[in-house]
Each structure stands twice: as structure tokens, then as C-alpha cells.
Amino acid sequence: MALLFEPVTQRGVTFRNRTVVAPMCQYSARDGLANDWHLVHLGRFALGGFGMVMVEATGVTPEGRISWADVGLWNDAQVEALRPVTRFLGSQNTVSAIQLAHAGRKASTPVDWRRDLPAASESEQREAGFEHWQPVAPSAVVHAADNPDFQQPHALTREEIAGVVRAFADAARRADAAGFDMVEVHAAHGYLINQFLSPIANKRDDEYGGSRENRMRLVLEVTEAVRATLPQDKPVWVRISASDNAPGGWDVEDSVALARELKALGVDAIDCSSGGFAEGRIAPSPGYQVPFAHAIKTEAGIATAAVGLLHDAQRAEAIVAQGEADFIALARGALDDPNWPVHARHQLEGEADDFALWPVQAAARMRDRARVLARVG
Ligand SMILES: Cc1cc2nc3c(=O)[nH]c(=O)nc-3n(C[C@H](O)[C@H](O)[C@H](O)COP(=O)(O)O)c2cc1C
């Protein structure tokens with residue numbers, strides 16, 4: 001069998017294969033509550049054969065949401081709202097994961113398709129669930145001074161930082177209660193934890209700023225708290241921006257050092273993305289972030305997920321087979337083809353494919369169809 005479709009186990013969780021749906025914000029929740037949209041959007045990837053499906057960046061506090069329409073996990077009603085998602089993914093033998101997030105100074109930004117709301121009537125805003133607030137950050141430095149979508153943040157006090165750590169742990173407890181098999185800490189894309197990591201956004205002069213060791217303090221505290229909260233048989237991943245791709249910013253060498261620390265805390269995999277600061281520049285192309293996953297896997301000795309234009313099945317298989325990464329994550333490739341795993345497996349295995357990755361309701365019929373097509377050419 002193609003290595004991409006070999007099962008793999010982390011702690012008490014077995015992934016039926018190494019294909020993963022990367023977290024994708026839908027900006028479709030009200031009051032942080034997941035709804036039918038999230039169930040169907042995520043559920044179709046389970047039907048398509050993905051080994052794991054991760055729920056979008058989920059606010060651990062209301063002010064930690066990227067927008068007013070993000071999913072959240074700061075109250076128990078939000079636990080109930082996510083239960084149908086974990087139940088359905090589990091029923092399809094797909095690992096359910098959720099990305100726990102705090103947007104920091106990139107919070108309270110507009111939802112692209114509701115840019116009319118800030119100027120709408122109060123009743124219209126209430127109807128849609130619109131909210132607007134001042135974001136928080138390591139330092140009172142705006143994300144992009146020339147972009148009105150971003151606001152001047154409030155610099156977190158030490159007590160408030162401790163509150164953020166508690167909020168991540170509380171959200172991890174709720175994720176467990178909602179039935180998730182694992183969680184991912186979002187430390188990438190220029191959001192709060194990444195803001196602490198990077199000298200671009202972190203101008204603090206206390207124990208959370210200055211040296212790399214100090215800038216890593218928040219992510220290590222959050223991860224330790226999440227790990228301590230989640231049952232031991234449930235994996236914890238951390239998504240990082242392996243490089244800010246900006247002069248004077250965080251780089252791969254920093255990421256390797258961080259990955260070693262995270263491994264020591266019991267983290268099961270590093271999900272290797274990049275970028276997120278206005279100052280960063282990188283030209284995406286197929287597999288452009290794989291070198292990050294490869295460097296971290298080999299130099300820190302920890303499992304990695306690769307992401308970024310990885311829709312080519314042969315290339316995805318080669319990445320796993322050559323030991324560049326352990327998991328292949330797709331975001332837009334999964335939107336484009338929610339059945340990507342069943343198609344990729346067929347492409348890689350040809351006649352040896354037994355169609356077992358299809359849901360039972362479809363497998364035999366798809367096998368018949370392939371036989372007929374093979375006969376008629
Ligand atoms: C619609 C959409 C929403 C996204 N939301 C998130 C998110 O919630 N958390 C995150 O870490 N990355 C997010 N990303 C980034 C993806 O997870 C992924 O890293 C990126 O799109 C590159 O993979 P791709 O080329 O397969 O799309 C999002 C991407 C898309 C397209």
C-alpha cells in the first residue's frame with residue numbers, strides 16, 4: 001500500500017492514513033457556536049477519506065477571535081455545538097481535531113463578505129452577531145499601520161498573560177468534553193502566540209520579551225497547560241510559522257530550537273506553516289513549505305505535518321516516503337476536491353486499490369464502476 005495510506009498511531013489515537021484537512025476559518029459562526037455549515041463543511045472531508053479533519057482556528061476567548069464570526073470554545077454551549085462534528089467524524093473513522101487559537105493584535109477584523117456590517121443599523125448588526133473590540137498583543141504595536149482592518153492593540157499585562165494560558169487550558173478541557181481526539185495549539189500566522197515569538201511584534205522588556213528564550217515562554221506555558229489538561233491518550237500538535245520570511249524575524253533555526261522544547265513537553269507533531277506578518281514575503285509554489293517540515297523533523301527529531309499546495313498525489317507520497325514529513329495537510333486542495341484521499345489512493349495504487357477508503361455506502365458501487373470502466377476502456 002502507498003505509505004500515505006498506511007495507518008499511524010500517536011498516543012491512543014490511530015489515524016487511518018496520513019492525509020489531513022488543515023484548519024480553515026469559515027467565518028460562519030454566531031456567538032462562537034458551530035452550526036450546520038461547520039458539520040457539513042467538515043463532514044464531507046471525512047466521507048472523502050481524510051485520516052484527520054481539523055476544525056478551524058477556534059477562539060479560546062471572545063477577544064481572541066479573528067472576527068466576530070469565528071467558532072469559539074470559551075463556554076459550555078460551544079461544547080454542545082461542536083459535538084455533532086466530533087460524533088460524525090468519529091463515525092467515519094476520521095480523527096477529529098480542533099485548532100485552539102488567539103488572534104492577538106489580528107483580532108476583530110472584518111469578515112470579507114460582510115464588510116457592510118460596521119456601518120449597518122444596530123438591529124442589523126445584532127441580527128448578524130456583529131461585534132467589535134480592541135485587540136490585545138505582546139506590545140502596543142499595530143499589525144499593519146496602513147491597513148484600517150487592524151487596530152492599535154492593548155499590551156497584555158503579566159496577569160492577563162496568565163489569563164491567556166488559563167483560557168487555552170480551559171478550551172482544551174472543553175475540546176475533550178466535546179469529543180475531540182486531539183488538539184492543535186495555533187502558534188502560527190502572526191496571531192498572538194506567534195506575536196510573542198517574533199521580534200517583529202514582541203517589543204517587551206519583561207520575561208516574555210527580548211531573548212528567544214523569553215519570547216518562547218508563552219507558547220511553552222500554553223502548550224504545557226494544554227498537555228496537562230488533555231487526557232494522556234490524546235495527542236497535542238502545535239502549528240508554527242517556521243519562518244516569518246522577513247529580515248530580523250523568526251526563522252527556521254529558531255523553529256528547530258522551539259520544536260526541541262515542544263518535544264520535551266510531550267508535543268506529538270509540529271504542523272509546519274510560515275508567514276503571517278505584514279513584513280513577510282514568500283512566493284508560494286507547490287510544496288514550498290515542505291523544507292520547513294523536513295528541517296524540523298530531522299533536526300528536532302519530532303513528527304511533522306507539511307502543508308501548502310500539496311494536492312499532487314505522487315508528490316505527497318514522495319514527501320512521506322522520503323521522510324520529509326509524517327502527515328500531508330491540505331486546505332484549498334480539500335475544498336477543491338473533498339474526495340482527494342480516495343482519488344489519490346486510486347491514483348497511487350491503481351488496480352490494487354480495494355476502495356475500502358470510500359464510505360461503506362459507496363465502496364462496492366465504486367468498485368463496480370471501476371471494473372466496468374476498465375472493461376470498456
Ligand atoms: C479558507 C481558509 C481558511 C484558513 N483558516 C486557517 C485557520 O483557521 N488556521 C490556520 O492555521 N490556517 C488557516 N488557513 C491556512 C491553511 O490551513 C493552509 O495552511 C494554507 O491554506 C496552505 O495550504 P493549501 O495550499 O492546501 O491551501 C486557512 C486557509 C484557507 C484557504
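Both counts, for ligands and for their atoms, begin at 1 and track the order of listing.
Between the side chain of R16 and the backbone N or O of F50, at least one donor-acceptor pair lies under 3.5 Å.
A salt bridge links D116 and R114; the closest N-O separation between the charged side-chain nitrogens and carboxylate oxygens is under 4.0 Å. Looking at R173 and D176, no side-chain N of the basic residue comes within less than 4.0 Å of a carboxylate O on the acidic one, giving no salt bridge. With respect to R345 and D354, a salt bridge is recorded, a charged nitrogen being found less than 4.0 Å from a carboxylate O. In this structure, E224 does not pair ionically with R227, as no charged nitrogen and carboxylate oxygen lie closer than 4.0 Å.
Checking only distances, Q289 never comes within under 3.5 Å of ligand 1, N or O to N or O. Residue L335 has no N or O atom closer than 3.5 Å to an N or O atom of ligand 1. Among the atoms of P23, some N or O lies under 3.5 angstrom from an N or O of ligand 1. Polar contact check, H186 against ligand 1: a nitrogen or oxygen pair lies under 3.5 Å apart.
Close approach of ligand 1 to L309 (heavy-atom distance below 4.0 Å) involves ligand atoms 24 (P), 25 (O), 26 (O). Residue-ligand proximity, L330 to ligand 1, at heavy-atom distances under 4.0 Å covers atoms 26 (O). Interface atoms of ligand 1 facing H189, defined by a heavy-atom separation under 4.0 Å, are 10 (C), 11 (O), 12 (N). When each atom of ligand 1 is checked for a heavy atom of V307 under 4.0 Å away, the hits are 18 (C), 19 (O), 23 (O). For ligand 1, the atoms lying closer than 4.0 Å to a non-hydrogen atom of A22 are 17 (O).
Considering CD of E207 and CD of E213, their distance stands at 11.5 Å, rounded to 0.5 Å. Expressed to the nearest 0.5 Å, how far NZ of K297 lies from CD1 of I270 amounts to 12.0 Å.
Residue pairs meeting the ring-ring contact (aromatic ring centres under 6.0 Å, His included) criterion with at least one partner in residues 220-254, sequence neighbours excluded, are W237-F327.
For atom 1 (C) of ligand 1, the closest non-hydrogen atom of the protein is C25 O, 4.0 Å. Annotation: atom 31 (C) of ligand 1 to nearest protein heavy atom, R332 CG, 3.4 Å.
Of the candidates G308, A329, A306, G308 brings a heavy atom nearest to atom 22 (C) of ligand 1. Selection from M24, H311, R239 by nearest heavy atom to atom 12 (N) of ligand 1 gives R239. With distances taken over non-hydrogen atoms, the option nearest atom 21 (O) of ligand 1 out of A331, G275, G333 is A331.
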Extract all donor-acceptor atom pairs below 3.5 Å that involve side chains of residues 282-293 and protein atoms in other chains or at least two apart in sequence.
| from | atom 1 | to | atom 2 | distance (Å) |
| --- | --- | --- | --- | --- |
| Q289 | OE1 | S274 | N | 2.9 |
| Q289 | OE1 | S274 | OG | 2.7 |
| Q289 | NE2 | V307 | O | 2.9 |

#### Entry: Chi angles and distances behind the side-chain hydrogen bond (donor to acceptor under 3.5 Å, both in side chains) call for H189, S241
CA-CA 6 Å; H189 300 167; S241 279; 4.6 Å; no

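Under 4.0 angstrom from ligand 1, the non-hydrogen atoms of Q99 all belong to its side chain.
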